[in-house]
Amino acid sequence: MSSPGPPSSLPLRIDPATGLLSAVRQVLSPHYDSRPPGVVPELLIVHGISLPPGEFGGPWIDRLFTGQLPPDGHPYFKEIEGLRVSAHALIRRDGEIVQYVPFGERAWHAGKSEYRGRSACNDFSIGVELEGAQDIAYTDAQYTQLAVLTRVLLDAYATLTPEHIVGHSDVAPGRKDDPWPSFDWARFHALLARHLPN
Ligand SMILES: [Zn+2]
């Protein structure tokens, strides 16, 4: 590798047989199913999430994605009771990556969505959540880890390209606004370019 990451970055690798990352915490979600036959990942969707909204840390995102969010834990949890959602991975504030769904499978992150005339983006996308909020900047560690993870995904799935990376707000405009203006796309793309093989 000609462009090693900072010392904190993990030697990430995706097992092509399982679609699982090495060296990350796995919290496998029941909220997924198979992609339609012959459909492969062609789009990376970046999301923002915090539970409760605006609060970081705690077990709640893991709990949401595994269907174990206690409705009485917070008024907001009551609002989203019964929601069956997931993402392939989450990058926490400290840069920790957690995987919930194998990348070859269909995670339930985009909902009703459309990308360049093609609907049901979950079918052909990979969803990565960043722990964040509308008005709080993402951390340096998150940008670094997102760039590293994206590079690993681009290497593993030849059908993914840097041109087809969008936010949830881009595929569900008016309905979703994450990863919010707090996500600096220019910064991410600059970092990703440094992590791409030339
Ligand atoms: Zn989202």
Side-chain angles (χ1 to χ4, degrees), residues 12 21 24-33 41 43-103 105-115 120-122 125-150 153 165-185 187-188 191-192:
L12 282 183
L21 285 162
V24 309
R25 190 160 64 87
Q26 312 277 349
V27 182
L28 295 180
S29 170
H31 301 163
Y32 76 95
D33 54 12
L43 179 68
L44 179 62
I45 299 178
V46 178
H47 298 258
I49 189 173
S50 48
L51 283 177
E55 291 182 27
F56 302 143
W60 308 124
I61 301 171
D62 290 357
R63 297 281 194 93
L64 174 65
F65 289 166
T66 52
Q68 297 175 328
L69 196 64
D72 298 328
H74 185 278
Y76 181 71
F77 299 171
K78 192 81 188 167
E79 281 180 43
I80 59 171
E81 186 177 3
L83 196 64
R84 301 188 74 216
V85 293
S86 62
H88 290 94
L90 165 72
I91 302 176
R92 306 211 66 148
R93 301 295 291 178
D94 63 359
E96 184 201 14
I97 297 174
V98 185
Q99 183 168 17
Y100 301 95
V101 174
F103 294 113
E105 305 291 344
R106 177 169 64 184
W108 302 345
H109 57 97
K112 185 174 161 48
S113 53
E114 182 178 307
Y115 180 67
C121 294
N122 286 343
S125 68
I126 286 171
V128 174
E129 301 272 359
L130 300 174
E131 187 178 24
Q134 190 128 16
D135 49 1
I136 301 171
Y138 292 93
T139 67
D140 294 349
Q142 288 179 302
Y143 283 101
T144 301
Q145 289 291 66
L146 181 61
V148 169
L149 175 59
T150 301
L153 286 167
I165 302 175
V166 297
H168 197 184
S169 55
D170 297 310
V171 297
R175 193 175 69 81
K176 292 290 176 182
D177 57 359
D178 61 292
W180 310 292
S182 50
F183 184 69
D184 185 341
W185 283 98
R187 179 178 177 184
F188 165 63
L191 202 50
L192 180 61

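Small disclaimer: the values here were computed from a predicted structure and weren't measured.
Ring geometry for Phe188 versus Phe183: interplanar angle of 30 to 60°, hence tilted. Ring orientation note: the planes of His74 and Phe77 are tilted relative to one another, at an angle of 30° to 60°. Classification of the His47-His109 ring pair by plane angle, with boundaries at 30° and 60°, yields perpendicular. Relative ring orientation between Trp180 and Tyr138 is described as parallel, the plane-to-plane angle staying below 30° on a 0-90° scale split at 30° and 60°.
Considering only heavy atoms from C-beta on, Leu44 comes within 4.5 Å of Thr150 through its side chain. Annotation: side chain of Val24 is not in contact with side chain of Val98 (no heavy-atom distance under 4.5 Å).
Looking at Tyr115 and Asp170, their side chains never bring a donor and an acceptor atom within 3.5 Å of each other.
In this structure, the side chain of His88 engages the main chain of Glu105 through a donor-acceptor pair within 3.5 Å. In this structure, the side chain of Asp177 does not engage the main chain of Ser169 through any donor-acceptor pair within 3.5 Å. Judged by distance alone, with hydrogens and angles left aside, the side-chain atoms of Ser86 form no donor-acceptor pair with the main-chain N or O of Tyr32 at under 3.5 Å. Using modelled atom types, one side-chain atom of Ser113 and one backbone atom of Gly111 make a donor-acceptor pair closer than 3.5 Å.
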### Task
I would like to know whether Asp62 and Tyr100 meet side-chain hydrogen bond (donor to acceptor under 3.5 Å, both in side chains); could you show each step before the answer?
CA-CA 8 Å; Asp62 290 357; Tyr100 301 95; 2.5 Å; yes

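In plain terms, the two heavy atoms of Phe56 and Glu131 that are nearest each other are CA-OE2, 3.4 Å.
Screening Val101, Ile49, Leu28 for a side-chain contact (heavy atoms from CB on, under 4.5 Å) with Phe65, the sole residue that qualifies is Ile49.
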